[in-house]
K.L.:
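One structure, as structure tokens, below. Some questions next.
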Amino acid sequence: MEFEKHIIDKITELSGLMRETVENAVEIPPEKKLGDLAFPCFVLAKTMRKAPPAIAKELAEKIGSDEYIDRVEAVGGYVNFFYRRDVFSKTVLSAIKSAGENWGSSDIGKGRTVLVEFSSPNIAKPFHIGHLFSTAIGNSLEKIYRHLGYQTVKINHLGDWGTQFGKLISAYKRWGNKEVIDKDPINELLKIYVKFHNEAEKDPSLEDEARMYFKMLEDGDEETTALWQYFRDISLIEFERVYNMLGVSFDSYAGESFYSDKMQEVVDLLDNMQLLSDSENAKVVNLSDCNIPPCIIVKSDGATIYATRDLAAAIYRKRTYDFHKNIYVVGTPQALHFKQIFSVLDKMGYEWAKDCVHVGFGLVKFADKKLSTRHGDVVFLEDVLNESIQKTLEIVSKNSPSMENKEEVAQKIGIGAILYAFLKSSRERDIVFSWDDMLDFEGESAPYVQYSYARGRSILRRTDIDYLNADVSKITSDDEYALVSLLAGFEDAVRDAADKNEPFYVTRYVTNLARAFNKFYNSYPILKNDVDEETKKARLLLVDAVTQVIKTALALLGIETVESM
RNA sequence: GCGCCCAUAGCUCAGUUGGAUAGAGUGUUUGGCUACGAACCAAAAGGUCGCAGGUUCGAAUCCUGCUGGGCGUACCA
């Protein structure tokens with residue numbers, strides 16, 4: 001932003017500090033009334049051998065007002081800058097108007113590819129509420145990186161390989177019935193899977209049987225492969241339905257099975273590098289120099305394990321996409337696993353191991369019981385989404401009985417509300433699932449933001465005044481100016497979100513923007529008769545900009561807007 | 001046992017490389033629809049930042065110890 005740059009230049013010139021030092025020191029004051037930008041003088045205290053307040057006072061006087069700066073104040077050890085509101089508003093609003101939906105975007109990612117692995121449900125298991133965490137975060141991160149100019153690849157690393165399929169095949173052979181399963185695939189497969197676990201507790205030999213079936217699968221046995229393919233196909237149909245509801249899509253479904261023929265190479269590579277050692281009949285990479293437990297590469301029965309598949313996947317991805325960053329959106333409980341994988345890649349001499357990042361997130365818990373597929377205690381995501389849509393539909397029907405596309409609106413609001421619930425806090429926090437919280441559409445929620453958008457759009461619909469050439473120098477009140485300066489801060493929010501892989505920076509941003517807009521909306525008339533024409537135009541332009549930025553920001557979260565609700 | 005993470009208002013959470021009077025939402029109490037949309041706005045009350053030390057001009061933030069909780073700890077993913 002040129003205002004900030006201008007002030008940094010001036011401070012640099014007058015203080016004799018390095019430009020970089022000044023850049024790092026300037027900050028946005030905690031309160032709007034303290035100014036638009038602040039420079040704390042504490043860093044100068046030692047070299048100048050003066051008290052910070054005295055330095056601040058001196059610096060403030062030296063800088064003074066100019067074409068960008070309205071006034072400069074020294075408060076305590078801070079120099080506070082107030083922009084010229086008329087100039088700032090004009091600059092920001094016209095920039096937004098010409099940027100359109102690209103406002104807040106950047107080209108820092110140009111020519112670089114970011115991979116985002118997310119969602120990654122297990123085949124033949126329900127797509128439950130816990131999967132939404134990875135799906136929502138990954139989906140949003142991909143959009144955020146794309147907004148910053150990166151090429152992106154969305155990867156669904158399906159859990160379609162592993163001993164669990166041995167279990168499922170064993171269970172199917174014992175209790176499966178194709179006709180029953182075809183009617184309600186996931187539920188029926190879940191039933192026999194749960195039954196398997198219950199039986200295995202009584203008879204541990206079942207576990208051996210499961211391992212045997214998985215080994216057969218890896219060896220390409222025809223019958224087990226056909227069964228596996230069947231489970232995979234019917235599961236994908238179910239998942240696709242949920243992804244469609246969420247508006248989520250993927251560029252690649254290369255899951256674990258995709259790497260089944262690419263793992264021998266990894267084992268050989270490790271062997272040639274003499275990184276493998278035998279331990280209790282398994283082959284492992286010793287990581288004691290990294291202070292973490294060894295990473296198992298080949299199990300004692302000769303079958304592979306997920307670590308092997310993740311190594312093969314990383315190497316494959318580097319060759320295929322030459323990524324700048326390889327992001328894994330997977331729960332924090334797997335932190336150690338990824339630490340092991342990245343350490344092994346590093347030991348193999350791949351300098352790109354440092355570009356692999358595990359983006360963890362918390363658990364979805366229930367107030368009383370634990371979510372567990374093995375025991376069948378599970379809340380289906382589809383049920384949560386439908387419940388939310390249903391509740392929205394009731395509200396819409398009550399508030400706007402004459403609306404034509406109620407279902408479509410309810411879909412967008414209802415799903416937005418759920419997504420928002422998973423994107424509103426820092427990702428490593430656990431979420432305690434409760435219907436009340438999920439379906440609370442007041443305050444900090446997607447419907448609150450969507451409602452603000454709809455209100456703004458409603459105003460723009462009601463007029464045919466051409467406001468594009470408005471003179472925005474009229475926009476100088478505290479509340480209007482607060483909106484303008486929030487609009488200016490969008491790119492920072494997007495960058496912060498990418499830097500920390502935290503979509504909630506965008507969630508918080510758009511919520512603050514909506515709040516500021518509602519405040520403005522409540523106390524500033526726009527289309528009323530007693531508003532003069534110029535003010536009317538200026539405010540319309542502001543409303544236009546706000547609605548546009550809300551739409552763009554929500555889109556980065558994978559949440560849609562509606563014109564009325 | 002060891003490793004990682006967490007502890008901030010009744011509840012759910014923000015709090016940037018240490019910096020200005022620790023902020024939102026929700027809940028509670030109260031006010032505002034004859035108004036461009038009340039899924040909204042305004043106001044009040046609500047804090048020993050888990051505890052105890054230390055570093056610093058300055059600590060919710062950094063260091064040490066303690067208490068309480070979560071997760072992980074090789075052939076599940």
Side-chain angles (χ1 to χ4, degrees), chain A residues 24-25 27-31 34 38 40 42 45-46 51-52 75-78 80 120 122 159 161-164 166-167 207 210-211 256 279-284 291-301 303-307 309-310 330-337 339-340 360 362-363 365 374 392 395-396 398-400 413 417 424-426 428-432 434 437 440-452 454-463 492 496 499-500 504-505 508 511-512 514-515 518-528 531 539 543 564-565:
Chain A
N24 286 332
E27 58 190 40
I28 292 166
E31 275 182 88
L34 289 168
F42 306 98
K46 272 175 192 151
V75 179
Y78 292 86
N80 293 334
S120 311
N122 288 330
W161 207 245
T163 313
Q164 51 174 330
K167 292 178 183 176
E207 300 274 359
R211 273 192 281 272
E256 295 186 82
S279 172
E280 296 170 31
N281 288 325
K283 289 186 176 149
V284 307
N291 264 323
I292 48 177
C295 182
I296 296 187
I297 303 295
V298 182
K299 297 193 290 185
S300 50
D301 64 0
T304 59
I305 187 167
Y306 65 123
R309 294 188 278 277
D310 272 339
V330 180
T332 46
Q334 293 199 49
L336 176 59
H337 164 70
K339 216 170 167 185
Q340 290 175 314
L363 299 163
K365 294 174 168 176
R374 291 186 178 188
T392 310
I395 297 175
V396 173
K398 199 181 76 186
N399 293 356
S400 328
I413 309 285
K424 71 172 172 181
S425 300
S426 51
E428 296 199 3
R429 288 251 180 198
D430 290 348
I431 287 184
V432 176
S434 95
D437 289 347
D440 182 3
F441 296 168
E442 279 162 26
E444 223 173 281
S445 70
Y448 174 85
V449 180
Q450 290 164 316
Y451 179 69
S452 314
R455 282 175 128 185
R457 294 294 296 170
S458 169
I459 287 182
L460 298 176
R461 263 199 311 275
R462 280 168 189 274
T463 180
D492 283 344
D496 284 348
D499 285 347
K500 303 207 164 65
F504 98 98
Y505 281 89
R508 192 176 53 182
T511 308
N512 287 338
R515 204 185 342 263
N518 281 326
K519 189 186 169 93
F520 160 74
Y521 180 96
N522 256 277
S523 33
Y524 294 77
I526 298 165
L527 293 178
K528 298 292 165 60
V531 180
R539 287 182 181 161
V543 172
S564 50
M565 58 192 273

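Lettering follows sequence order; numbering is per chain, from 1. Not measured: the values here are computed from a predicted model.
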K.L.:
Quick one: is Y306(A) getting a side-chain N or O under 4.0 Å of the C76(B) phosphate, OP1 or OP2?
P.N.:
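Checking C76(B) against Y306(A), no side-chain N or O comes under 4.0 Å of OP1 or OP2.
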K.L.:
Nearest to the side chain of P30(A) - A20(B), A38(B), U73(B)?
P.N.:
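Out of A20(B), A38(B), U73(B), the nucleotide with an atom closest to P30(A)'s side chain is A20(B).
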K.L.:
At 4.0 Å (heavy atoms only), tell me whether T163(A) reaches a base, stays on the sugar-phosphate, or touches nothing.
P.N.:
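It contacts sugar-phosphate atoms only.
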K.L.:
Confirm from the modelled atom types if Q450(A) and A39(B) form a donor-acceptor pair under 3.5 Å, side chain to base only.
P.N.:
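Such a pair does not exist between side chain and base.
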K.L.:
Report, one pair per line, the protein and nucleotides 55-63 of chain B atoms (nitrogen or oxygen only) whose separation is under 3.5 Å.
P.N.:
none

K.L.:
Please tell me if R462(A) has a side-chain N or O lying less than 4.0 Å from either OP1 or OP2 of G37(B).
P.N.:
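Indeed, a polar side-chain atom of R462(A) lies that close.
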K.L.:
On RNA chain B, check which nucleotide each of E444(A) and I292(A) is closest to and give me the residue with the more 5' one.
P.N.:
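Counting from the 5' end, the first nearest nucleotide belongs to I292(A).
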K.L.:
Rounded off to whole Å, could you give me the CZ-to-P distance for the R429(A) and A7(B) pair?
P.N.:
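Rounded to the whole Å, the gap is 5 Å.
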K.L.:
Decide whether Y451(A) and N518(A) meet the rule of one side-chain donor and one side-chain acceptor closer than 3.5 Å.
P.N.:
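Their side chains do not contain a donor-acceptor pair, so the 3.5 Å distance test is not met.
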K.L.:
Less than 4.5 Å apart, any side-chain heavy atom of F504(A) and any of R429(A)?
P.N.:
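No. Closest side-chain heavy atoms not under 4.5 Å.
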K.L.:
Reckon G162(A) touches a base, only the sugar-phosphate, or nothing at all at heavy-atom distances under 4.0 Å?
P.N.:
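The residue G162(A) makes sugar-phosphate contact but no base contact.
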K.L.:
Measure from CD on E27(A) to C1' on A20(B) and round the result to the nearest Å.
P.N.:
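Value for this atom pair: 9 Å.
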K.L.:
May I ask you to say what T463(A) touches in the nucleic acid, namely base, sugar-phosphate or nothing, with a heavy-atom cut-off under 4.0 Å?
P.N.:
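If one applies the 4.0 Å heavy-atom cut-off, T463(A) turns out to touch nothing in the nucleic acid.
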K.L.:
Among A20(B), A39(B), A77(B), which nucleotide sits nearest the side chain of F441(A)?
P.N.:
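Of the options given, the side chain of F441(A) lies nearest A39(B).
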K.L.:
Looking for any heavy atom pair under 4.0 Å, which part of the strands does P52(A) touch: base, sugar-phosphate only, or nothing?
P.N.:
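No contact.
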K.L.:
Can you check the K365(A) NZ to C6(B) P distance for me, whole Å?
P.N.:
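Rounding to the nearest Å, NZ of K365(A) and P of C6(B) are 14 Å apart.
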K.L.:
Hunt down the Watson-Crick or G-U wobble partner of C49(B), both distances under 3.5 Å, from any strand shown, or write none.
P.N.:
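Pairing partner: none.
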K.L.:
So does D437(A) get a backbone contact from the side chain of S434(A), meaning a donor-acceptor N/O pair under 3.5 Å?
P.N.:
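Answer holds: yes.
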K.L.:
Please give, in whole Å, the distance from C40(B) C1' to E442(A) CD?
P.N.:
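For the pair E442(A) CD and C40(B) C1', the rounded distance is 9 Å.
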K.L.:
Could you tell me how far apart K424(A) (NZ) and A14(B) (P) are, to the nearest whole angstrom?
P.N.:
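From K424(A) NZ to A14(B) P: 10 Å.
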K.L.:
I'd like to check V543(A) versus Y524(A) (side-chain heavy atoms, cut-off strictly below 4.5 Å). Are they in contact?
P.N.:
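No, every pair of side-chain atoms sits at 4.5 Å or beyond.
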K.L.:
Considering Watson-Crick and G-U wobble pairs with both distances under 3.5 Å, what does U73(B) pair with?
P.N.:
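Across all strands, the one nucleotide that pairs with U73(B) is G1(B).
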K.L.:
Classify the nucleic acid contact of A307(A) as base, sugar-phosphate or nothing, counting any heavy atom under 4.0 Å across all strands shown.
P.N.:
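Result for A307(A) = nothing.
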K.L.:
Would you mind reading off the distance between D492(A) atom CG and U17(B) atom P, rounded to a whole angstrom?
P.N.:
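My rounded result for the distance is 14 Å.
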K.L.:
Could you say whether P447(A) or I296(A) is positioned toward the 5' end of RNA chain B, judged by the nucleotide with the nearest heavy atom to each?
P.N.:
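Comparing both residues, the 5'-ward one is P447(A).
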K.L.:
Identify the nucleotide, in any strand shown, that forms a Watson-Crick or G-U wobble pair with A44(B), with both distances under 3.5 Å; if there is none, say none.
P.N.:
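Across any shown strand, A44(B) pairs with U28(B).
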K.L.:
When rounded to the nearest Å, what value does the distance between C1' atoms of U8(B) and G46(B) take?
P.N.:
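After rounding to an integer number of Å, I get 14 Å for this pair.
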K.L.:
Any base atoms under 4.0 Å from P525(A), or only sugar-phosphate, or nothing? Heavy atoms, all strands.
P.N.:
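If one applies the 4.0 Å heavy-atom cut-off, P525(A) turns out to touch a base.
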K.L.:
Nearest whole angstrom, please: distance from the P of C76(B) to the CG of D301(A).
P.N.:
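Taking CG of D301(A) and P of C76(B), I get 8 Å after rounding.
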K.L.:
Does Q340(A) reach a base, just sugar-phosphate, or nothing at all? Heavy atoms under 4.0 Å.
P.N.:
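Result for Q340(A) = nothing.
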K.L.:
Quick one: does any side-chain atom of S452(A) pair with a main-chain N or O of Y448(A) as donor and acceptor, under 3.5 Å?
P.N.:
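Yes, the answer is positive, given that a donor and an acceptor are paired below the 3.5 Å cut-off.
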K.L.:
For G37(B), which nucleotide in any strand shown is its Watson-Crick or wobble partner with both distances under 3.5 Å?
P.N.:
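Pairing partner: none.
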K.L.:
Which is true for Y524(A) with a 4.0 Å heavy-atom rule: it touches a base, it touches only sugar-phosphate, or it touches nothing?
P.N.:
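If one applies the 4.0 Å heavy-atom cut-off, Y524(A) turns out to touch a base.
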K.L.:
Spell out yes or no: do the side chain of S425(A) and the base of A14(B) have one donor N/O and one acceptor N/O closer than 3.5 Å?
P.N.:
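Donor-acceptor pair under 3.5 Å: no.
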K.L.:
Quick one: D430(A) CG to C5(B) C1', roughly how many Å, whole number?
P.N.:
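After rounding, the reported distance stands at 10 Å.
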K.L.:
Check nucleotides 41-44 of chain B for protein N or O atoms closer than 3.5 Å to its own N or O atoms and list the pairs.
P.N.:
{"unit_1": "C41(B)", "atom_1": "OP1", "unit_2": "Y448(A)", "atom_2": "OH", "d": "2.4"}
{"unit_1": "C41(B)", "atom_1": "O4'", "unit_2": "N522(A)", "atom_2": "ND2", "d": "3.1"}

K.L.:
Return the nucleotide paired to U21(B): Watson-Crick means purine N1 to pyrimidine N3 with N6-O4 or O6-N4, wobble means G-U with N1-O2 and O6-N3, both under 3.5 Å.
P.N.:
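When the pairing criteria are applied, nothing turns out to pair with U21(B), so the answer is none.
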K.L.:
Under 4.0 Å between a side-chain N/O of S458(A) and OP1 or OP2 of G37(B), yes or no?
P.N.:
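So the side-chain polar atoms of S458(A) do come within 4.0 Å of the phosphate oxygens OP1 or OP2 of G37(B), strictly under.
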K.L.:
Can you tell me which nucleotide in A77(B), A20(B), C36(B) comes closest to the side chain of R309(A)?
P.N.:
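Between A77(B), A20(B), C36(B), the one nearest the side chain of R309(A) would be A77(B).
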K.L.:
Does a distance-only test, which skips hydrogens and angles, find a donor-acceptor pair under 3.5 Å between the side chain of N399(A) and the base of A39(B)?
P.N.:
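Per atom types, the contact qualifies.
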